[in-house]
Amino acid sequence: MSRLQADHLYKVFGRRPEEAVRRLEGGAGRDELRADGTTAAVIDASFAVEPGQIFVVMGLSGSGKSTLLRMLNGLLEPTAGTVLFDGQDLTALSPAALRAVRASKISMLFQHFALFPHRSVLENAGYGLEVQGVARAERDRRATEALELAGLKGWEKSWPDELSGGMQQRVGLARALATDADLLLMDESFSALDPLIRRDMQDQLLELQKRLKKTIVFITHDLNEAMRLGDRIAVMRDGRIVQLGTAEDILVTPADDYVASFIQDVDRSRVLTAGAVMAPPETVFGTRTDDGRELSDARDVLDAAPAAVPEDTPLIELFTPSSTGGAPVAVTDADGGLVGVVTRATLLAALGEPKAAARDTVPGASGSRVTARA
């Protein structure tokens, strides 16, 4: 399993990039550099992606997310900073050594399918293995297995133009999986697909991740997609990471007004969980239910609760029990013990629009370096 770490990454296009980095470190803004004909695409980005995580980088067009992704596998050379993959500094590798790492350990899936029209589905899926020099029989075997994982069993002999857009993207996914790379970099890989096909591809990725436990960096401008896929999410604006955390962190405590406006249309009931909004059981001790039962201890709460749910239950599943019972919903651990309660008032309050946190209390809210360590 592979860990990816980026520290103090900068990418500057234009004149005297090293001087531009020094100005940025001294407090200069992106607009000041642009006035001199210099574009700061990524500014002091730091984060770590733990093995088996889906790490989502999201932001509007021009925020720097795709540039950041291309620095992670050396397609773009950082102006400053380091990228560590399994402890190896990719920015210090020779071109040949970097190509070898990309061929065997890192796969990239682009927004556009990039399939060879003159090659069959099987040959496209095995192309990365062909680049590695894997023998024909072995790469056909591994490509066939990858196509089956991607839901394309039986399509091996077809041509790309015989496939729908979603199926072509599955071929691209199979090509990435066939190499058995430790790290998958996905650059808006589903954004060109129709909504239903896009959701189907998201389902496919989540199902594959349960089985394969890859380390994935996923780029998107779609917040709902980020919330659905990401174990952790980095929000970018003007080249900087302005907030880094789980989907619940970002929904409950947006770092600033920009992030708050970004998330205002998210269906919070499908992202937030019972564990994120629950109150301690003691908060309802001494109260009475609608039918007059007193809640004196944990046993009373469990007996009166209209439902007992685990902490990872989405809020949308709590509406029905909350509407039918006069007692709070009980939140339990794996052993059935009471760990919290969700009242009707708590449930409704959780769906309200969040307020941005104060800038001096949220790391990265002012555009400063954001570092995450598991």
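Residues: numbered from 1 along the sequence shown.
Remark: E130 engages R119 in a salt bridge (charged side-chain N to carboxylate O under 4.0 Å, His left out) (not counting sequence neighbours). For the ring pair (Phe, Tyr, Trp, His ring centres under 6.0 Å) test, no residue two or more places apart in sequence or in another chain qualifies with Y10. Residues that satisfy the salt bridge (charged side-chain N to carboxylate O under 4.0 Å, His left out) test with K11, not counting sequence neighbours, are absent from this structure. Under the side-chain contact (heavy atoms from CB on, under 4.5 Å) criterion, D200 pairs with R170, sequence neighbours left out. Partners of E138 according to the side chain to side chain donor-acceptor pair (under 3.5 Å) rule, which considers only residues two or more places apart in sequence or in another chain, are R141.
No side-chain donor from either of T220 and E188 sits under 3.5 Å from a side-chain acceptor of the other. A donor-acceptor contact closer than 3.5 angstrom links the side chains of R3 and Q5. Residues S189 and Q169 bring no donor and acceptor atom of their side chains to less than 3.5 Å of each other. Side-chain atoms of T91 and T82 include no donor-acceptor pair closer than 3.5 Å. Looking at S269 and D267, their side chains do bring a donor and an acceptor atom within 3.5 Å of each other.
Under the ring pair (Phe, Tyr, Trp, His ring centres under 6.0 Å) criterion, no residue pair touches residues 62-99, with sequence neighbours excluded. Counting only residues at least two apart or on different chains, the salt bridge (Lys or Arg N to Asp or Glu O under 4.0 Å) pairs with a member in residues 18-28 are R16-E19, R23-D36. Each ring pair (Phe, Tyr, Trp, His ring centres under 6.0 Å) pair with one or both residues in residues 190-249, not counting sequence neighbours, appears once here: F190-F218. Counting only residues at least two apart or on different chains, the salt bridge (Lys or Arg N to Asp or Glu O under 4.0 Å) pairs with a member in residues 334-347 are D290-R344. Listed by first and then second residue, the ring pair (Phe, Tyr, Trp, His ring centres under 6.0 Å) pairs that reach into residues 141-185 come to none, sequence neighbours excluded. Within the structure, every pair that satisfies the side-chain hydrogen bond (donor to acceptor under 3.5 Å, both in side chains) test and touches residues 300-325, not counting sequence neighbours, is listed here: R299-D303.
Between the side chain of K65 and the backbone N or O of M58 there is no donor-acceptor pair closer than 3.5 Å.
Side-chain atoms of I106 and L90, non-hydrogen and from C-beta on, do get closer than 4.5 Å to each other. A 4.5 Å side-chain heavy-atom check between L315 and L318 finds at least one atom pair inside the cut-off.
Note that CZ of R228 is 11.0 Å distant from CZ of R198, once rounded to the nearest 0.5 Å.
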| E248 and T273: side-chain hydrogen bond (donor to acceptor under 3.5 Å, both in side chains), yes or no, with the steps? | CA-CA 8 Å; E248 291 179 352; T273 62; 2.5 Å; yes

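Counting Ile, Leu, Val, Met, Phe, Trp and Tyr side chains that sit under 4.5 Å apart, directly or through other members, V284 shares a hydrophobic cluster with F285, L295, V301, L302, L338, V341.
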